[in-house]
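Heads up: numbering here begins at 1 and tracks the sequence.
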Amino acid sequence: MNRNDLARMIDHTLLKPEATFRDVEALITQGVELGVYSVCVSPSMLPVEAQGLKVATVCGFPSGAHSAESKAREAAQSVEFGADEIDMVINLGLAKAGHWDQVQEEIQAVRNAAPSPTVLKVIIESAVLNDVEIIAACQVSRSAGADFVKTSTGMHSAGGASAHAVRLMKDTVGDELEVKASGGIRTLEDALAMVEAGATRLGLSASAAILQEIDDV
């Protein structure tokens, strides 16, 4: 994989709660210089002047422990403020309890609030789930009309993306949805392992360092 191909898979991400508007402006400038696909910022930072990049934001972040109605309102406002893509966190309590119908209903609520062509990515926090639960989360995401399933927020103590989870997610959704790997991807080796496992998008805060690695090869 060449540098430009990898760069075009990156959501260049800044979701630290202490990030300032100036930090976001710097993120966008750097993203343009790096040639990434998009920037991913907190919804409170919208709208932004993205200089030609796609704009992604998060919904129900980072815990997912929000009502479906509040997630839908947040998503709708983000679209109104210029977001091209919404990365929503599922309610993990519902998932762990096996209430997959309710998980699907909340994803559907966000999908209705942010219809196509807005891209909807569903963060399943794969490190918290066992394999059976990962498969179920992917299945309800597909049924609810999502465009991507995404591994992680990068904020959970259980950990971030793993090649095993990405592979299982890809095997479950096939060509119907795409897979985004995010959380703990800090080296070129990490990034390429996720791509090899089936990820077509990478959520990175270490974008510059990783792309520099590929330049140095």
Side-chain angles (χ1 to χ4, degrees), residues 4-15 24-25 27-29 31-32 34-62 64 66-91 103-124 137-154 161 166 169-170 172-182 194-195 198-204 207:
N4 290 340
D5 288 342
L6 183 60
R8 292 297 296 169
M9 298 177 72
I10 294 174
D11 290 346
H12 191 38
T13 302
L14 179 62
L15 295 169
V24 169
E25 289 173 356
L27 178 86
I28 293 167
T29 298
V32 171
L34 294 173
V36 302
Y37 181 78
S38 78
V39 289
C40 183
V41 300
S42 298
S44 60
M45 295 294 173
L46 301 176
V48 296
E49 178 50 62
Q51 302 181 43
L53 300 177
K54 295 292 186 180
V55 177
T57 193
V58 289
C59 173
F61 192 86
H66 308 67
S67 69
E69 293 78 12
S70 68
K71 291 178 184 179
R73 286 195 298 271
E74 185 175 36
Q77 184 178 63
S78 291
V79 172
E80 181 183 349
F81 289 167
D84 300 295
E85 306 194 346
I86 303 292
D87 293 24
M88 69 163 290
V89 188
I90 64 168
N91 186 311
V103 176
Q104 181 172 329
E105 286 170 5
E106 70 164 359
I107 299 168
Q108 186 68 64
V110 175
R111 174 82 283 179
N112 292 343
S116 182
T118 301
V119 172
L120 177 59
K121 309 189 200 90
V122 178
I123 305 172
I124 67 170
C138 291
Q139 289 171 335
V140 296
S141 297
R142 179 174 54 199
S143 296
D147 300 294
F148 279 77
V149 282
K150 174 179 170 181
T151 58
S152 320
T153 61
V166 170
M169 292 160 72
K170 180 61 178 175
T172 303
V173 301
D175 294 330
E176 294 182 72
L177 278 70
E178 297 185 63
V179 178
K180 176 177 173 179
S182 184
M194 299 305 163
V195 174
T200 54
R201 194 81 68 84
L202 301 171
L204 305 179
S207 311

What's the spacing between [X] [atom1] and [Y] [atom2] if we round to 0.5 Å?
X	Y	atom1	atom2	answer
Cys59	Glu106	SG	CD	9.0 Å
Ser141	Ile107	OG	CD1	3.5 Å
Met9	Ser38	CE	OG	12.0 Å
Leu34	Asn4	CG	CG	11.0 Å
Lys170	Asp175	NZ	CG	5.0 Å
Met194	Ser182	CE	OG	10.0 Å

Identify the two heavy atoms, one from [X] and one from [Y], that lie closest to each other, and give their separation to 0.1 Å.
X	Y	value
Asn91	Val103	O-CG2, 4.3 Å
Gly35	Ala7	O-CB, 3.5 Å
Leu202	Ala199	CD2-CB, 4.3 Å
Ile86	Ser78	CD1-CB, 3.8 Å
Gly82	Val55	O-CB, 4.0 Å
Leu177	Phe148	CD2-C, 4.1 Å

Item to complete: Report the C-alpha distance between Val110 and Val122 in whole Å, list the side-chain angles of each, state the deciding distance to 0.1 Å, and finish with yes or no for side chain to side chain contact (heavy atoms under 4.5 Å, CB included).
Response: CA-CA 10 Å; Val110 175; Val122 178; over 6 Å; no
Exam field: side chain [X] to backbone [Y], donor-acceptor pair closer than 3.5 Å:
X	Y	value
Glu74	Gly60	yes
Arg8	Val36	yes
Thr13	Asp11	yes

Item to complete: Begin with the C-alpha distance, continue with both residues' side-chain angles, and end with the deciding distance and a verdict on side chain to side chain contact (heavy atoms under 4.5 Å, CB included) for Val119 and Asp84.
Response: CA-CA 6 Å; Val119 172; Asp84 300 295; over 6 Å; no
Worksheet item: Charged N to carboxylate O below 4.0 Å: is that the case for Glu85 and Lys54?
Response: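 Not counted as a salt bridge, because no side-chain N and carboxylate O are separated by less than 4.0 Å.
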Worksheet item: Looking at side-chain heavy atoms only, is the closest gap between Val32 and Leu53 below 4.5 Å?
Response: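 In contact.
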Worksheet entry | Min side-chain heavy-atom separation Thr153-Val58 under 4.5 Å |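 Thr153 does not reach Val58 side chain to side chain.
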Worksheet entry | Option among Arg142, Lys121, Arg111, Lys180 that satisfies the side-chain hydrogen bond (donor to acceptor under 3.5 Å, both in side chains) test with Asp147 |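 When side-chain hydrogen bond (donor to acceptor under 3.5 Å, both in side chains) is applied between Asp147 and each of Arg142, Lys121, Arg111, Lys180, only Arg111 qualifies.
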Worksheet item: Looking at Leu15, Val79, Leu46, Asp87, which one forms a side chain to side chain contact (heavy atoms under 4.5 Å, CB included) with Thr57?
Response: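 That would be Leu46.
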Discussion item. I'd like to know whether Leu14 forms a side chain to side chain contact (heavy atoms under 4.5 Å, CB included) with Met45, so could you lay out the CA-CA distance, the side-chain angles of the two residues, the decisive distance to 0.1 Å, and finally the verdict.
Written reply: CA-CA 10 Å; Leu14 179 62; Met45 295 294 173; over 6 Å; no
